[in-house]
Amino acid sequence: MMKSFDERCYILLGKVPKGRVTTYKELAKALGTRAYRAVGGAMKRNPYAPRVACHRVVKSDGSLGGFAYGAREKIKRLRDEGVKVRTGKIQDFERVFFSFGMTS
DNA sequence: CGGTTGACCAAGT
DNA sequence: GACTTGGCCAACC
């Protein structure tokens, strides 16, 4: 049974621990593709709104990117998880960044 | 089934 | 540092 690309994004995203963030690019790469945009699209569609921690996904530059519920809400939630945000940018981005490639 | 769209990315201006 | 351009790939109409 072949899950949609979208569903895989949600599953993978579910592996991101609280207080950490990942990027659309890293997600796509972990999925074995380069469809960064499709990943973002999955978040936007986000049928599992509260189930999926879409607010933990940011752009590669460390900027927040977009958010279906509004950027303001995204910042609020990230801060609540311990991620500091400044003018729409993640502070200590590399510190809170979660990579899927860190095996063993 | 073909074309458009997009919560992106990287490089150039 | 902000804006523009080309490119990538899957979902949607």
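Only a predicted model underlies this, so the values are computations on that prediction, with no experimental measurement involved. Order of the sequence lines fixes the chain letters, A, B, ..., with proteins taken first and strands second; residue numbering starts at 1 for each chain.
- Looking at A:Ile90 and A:Leu78, their side chains come closer than 4.5 Å, going by heavy atoms from C-beta outward.
- Both A:Phe67 and A:Lys25 lie close to DNA chain B; mapped to their nearest nucleotides by heavy-atom distance, the more 5′-ward contact belongs to A:Phe67.
- Regarding A:Lys29, its NZ atom lies at a distance of 9 Å from the P atom of B:dA10, rounded to whole Å.
- Distance NZ (A:Lys3) to P (C:dA11): 14 Å, rounded to an integer number of Å.
- Here the nucleotide nearest the side chain of A:Asp6, chosen from C:dA10, B:dC8, C:dA11, is C:dA11.
- Counting atom types as modelled, A:Arg34 pairs no side-chain N or O with a base atom of C:dC8 as donor and acceptor under 3.5 Å.
- Proximity note for A:Arg37 (side chain, C-beta onward) versus B:dG6, B:dA7, C:dA11: the nearest is B:dG6.
- Put simply, NE2 on A:His55 is 19 Å from P on B:dA7, counting in whole angstrom units.
- Separating the CG atom of A:Leu64 from the P atom of B:dC9 is a distance of 12 Å, rounded to the nearest angstrom.
- Residue contacts for A:Tyr24: at a heavy-atom cut-off of 4.0 Å it reaches a base atom on one of the strands shown.
- Phosphate proximity of B:dC8 to A:Lys44: absent, as no side-chain N or O sits under 4.0 Å from OP1 or OP2.
- In this structure, CZ on A:Arg86 lies 12.5 Å from CG on A:Asp92, to the nearest 0.5 angstrom.
- Atom NZ in A:Lys89 sits about 8 Å away from atom P in C:dA2, given to the nearest Å.
- Under the 4.5 Å side-chain criterion, counting only non-hydrogen atoms from C-beta, A:Thr22 is not in contact with A:Ser99.
- Close to C:dA11, at under 4.0 Å from its OP1 or OP2, lies no side-chain N or O of A:Arg45.
- Side-chain atoms of A:Ser60 lie closest to B:dC9 of the nucleotides B:dC9, B:dA7, C:dC12.
- With hydrogens and angles left out, the side-chain atoms of A:His55 and A:Glu81 include a donor and acceptor closer than 3.5 Å.
- Between the CG atom of A:Leu27 and the C1' atom of B:dA7 there is a distance of 12 Å, given to the nearest Å.
- In this structure, of B:dC9, C:dA11, B:dA7, it is B:dA7 that holds the atom nearest to the side chain of A:Met43.
- By the 30° and 60° cut-offs, the orientation of the rings of A:Phe100 relative to A:Phe98 is perpendicular.
- Regarding A:Tyr10, its OH atom lies at a distance of 10 Å from the P atom of C:dA11, rounded to whole Å.
- Between A:Tyr36 atom OH and C:dA11 atom C1' the separation is 18 Å, expressed in whole Å.
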